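Because the structure is a prediction, the values reported are computed rather than measured. Just follow the structure's listing: the first ligand is 1, and inside any ligand the first atom is 1. All values below come from the heavy atoms of this structure, side chains included, with hydrogens, waters and symmetry mates left out.
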Amino acid sequence: MAQLWGGRFTKETDKLVYNFNASISFDRKFYKQDIQGSKAHVAMLAATGILTEDEKNKISEGLDGILADVETGRLAITEEYEDIHSFVEANLIDRIGDAGKKLHTGRSRNDQVALDMRLYVRDELTCVKELIIALLKQLHKLMKENTETYMPGFTHLQKAQPVTFAHHIGAYMEMFKRDLSRIHDIYERMNYCPLGAGALAGTTYPLDRELTASLLNFKGTTLNSMDSVSDRDYVIEMLSAFSTIMMHLSRFSEEIIIWNSNEYQFVELDDAYSTGSSIMPQKKNPDIAELVRGKTGRVYGALMSILTTMKGIPLAYNKDMQEDKELTFDAIDTVKGCLALFTGMISTMKLNKAVMEKSAKNGFTNATDAADYLVNHGVPFRDAHGIVGQLVLYCIDKNISLDEMSMEEYKSISPVFEEDIYEAISLTECVNKRNTIGAPGPLSMEQIININEDFLNNLDK
Ligand code: ARG
């Protein structure tokens with residue numbers, strides 16, 4: 001049992017207590033950030049004259065050595081240490097001797113862990129941002145390719161009005177654009193360095209907190225030392241944004257599962273993204289989409305867990321906060337995995353355009369347009385609605401669609417109908433006439449696709 005605080009104790013820690021308290025099994029995940037933070041800390045200590053240049057160089061090289069040895073597997077992070085901070089410090093002292101004992105000058109594990117977690121979250125936010133951008137690029141490609149791929153739009157999962165596949169995908173494009181902007185905002189808000197807050201009340205050493213912050217590429221320092229060691233708002237914000245990403249991925253997955261079913265056959269998932277059944281030889285299951293839908297629950301769980309953990313914690317640091325890590329790490333890995341796999345799945349799935357179009361033609365998705373036709377010929381909308389209702393009943397009885405009715409049949413229900421009704425209710429017309437901003441018509445889609453193109457091209461600017 002290697003711990004940093006044995007001095008005032010006369011008894012060994014009970015083994016069960018030690019294990020219950022230890023965090024090395026999970027905080028080992030941020031060994032890189034712990035070393036990065038320590039290097040910035042000693043550089044600042046030397047710049048302010050608290051350590052000598054020689055001490056700084058020894059510590060810094062020692063830390064580099066630990067990092068290299070961990071990465072190559074020469075040095076294992078084992079559970080004999082209480083946490084990752086103890087592991088790094090103990091190994092440093094083993095390597096470089098007394099100079100290593102000065103690393104923790106002007107620092108507490110409270111501000112150290114606050115820094116490590118921030119650095120870790122910041123790195124992961126960048127990674128998630130890249131994954132969302134890759135998904136957006138794939139969605140944009142699908143939109144450009146499918147402005148004339150007609151399909152039914154649904155409400156209540158009942159066919160409603162015809163749209164295009166580009167338009168349907170465009171809805172998700174908007175959702176993931178908002179997700180990206182949420183990640184961006186969170187990054188901006190959390191990008192302040194807590195190191196130097198000490199245990200809770202700063203330190204008596206003349207630390208240059210601004211220097212540490214700039215060495216670690218933070219925008220500045222946090223402004224209250226008690227808040228610095230006990231703020232986990234950014235974790236909550238991130239898990240909330242992740243929950244929304246997962247909710248979007250889950251809805252999309254649900255649609256893909258429906259579209260990929262034998263009944264719909266709008267899409268066919270690639271073999272590489274499907275799995276088989278051990279008993280039913282005919283099966284090709286959409287397991288990836290189902291897993292994405294299923295894993296949404298664990299990300300929501302992480303959010304609920306940290307919200308609940310934080311709600312009763314008096315200022316400043318309390319050990320409850322150690323519980324911020326495991327579920328957050330799991331949520332980060334889950335979101336990254338789901339985004340990457342989902343993008344792969346939709347970039348390899350095949351669209352059955354003819355089936356989609358046929359489905360849009362059946363099911364009276366053009367009924368609203370038939371009513372609009374009557375309105376354009378002077379019939380009040382409420383009456384037009386009733387007349388088209390009669391047309392639909394008639395068609396259901398005869399098992400035909402609206403465009404299969406003869407002119408006499410139309411006239412028998414309303415004399416207002418003329419030959420041009422066929423054009424007015426044709427699938428392409430129904431879509432092409434809808435060109436208000438955000439509608440599925442070609443003019444409006446072109447405008448939106450251009451906006452998205454600019455958005456994607458200007459992401460780094
Ligand atoms: N493992 C702890 C955590 O994750 C590190 C901070 C420990 N600080 C303390 N005073 N016990 O929060």
Does either side chain, that of His41 or that of Gln112, offer a donor lying less than 3.5 Å from an acceptor on the other one? no
Ring centres of [X] and [Y] under 6.0 Å apart?
X: Phe342; Y: Phe252; result: yes
X: Phe218; Y: Tyr192; result: no
X: Phe165; Y: Phe266; result: no

So for Lys325 against ligand 1, with non-hydrogen atoms under 4.0 Å, the contacting part is side chain
Should the ring pair Phe87 and Tyr81 be called parallel, tilted or perpendicular, given that the plane angle runs from 0 to 90° and is split at 30 and 60? perpendicular
Please indicate whether any nitrogen or oxygen in His85 is less than 3.5 Å from any nitrogen or oxygen in ligand 1.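 So ligand 1 has no N or O lying under 3.5 Å from an N or O of His85.
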Under 4.0 Å to a heavy atom of Ser23 - the qualifying atoms of ligand 1, by number: 1 (N)
Per-atom filter on ligand 1: closer than 4.0 angstrom to a heavy atom of Gln322 are 1 (N), 2 (C), 3 (C), 4 (O), 12 (O)
Students should be able to answer this: which protein heavy-atom is nearest to atom 12 (O) of ligand 1, and at what distance? Tyr317 OH, 2.4 Å
Heavy-atom nearest option to atom 10 (N) of ligand 1, drawn from Ile24, Asp111, Asn110: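 Answer by nearest heavy atom: Asn110.
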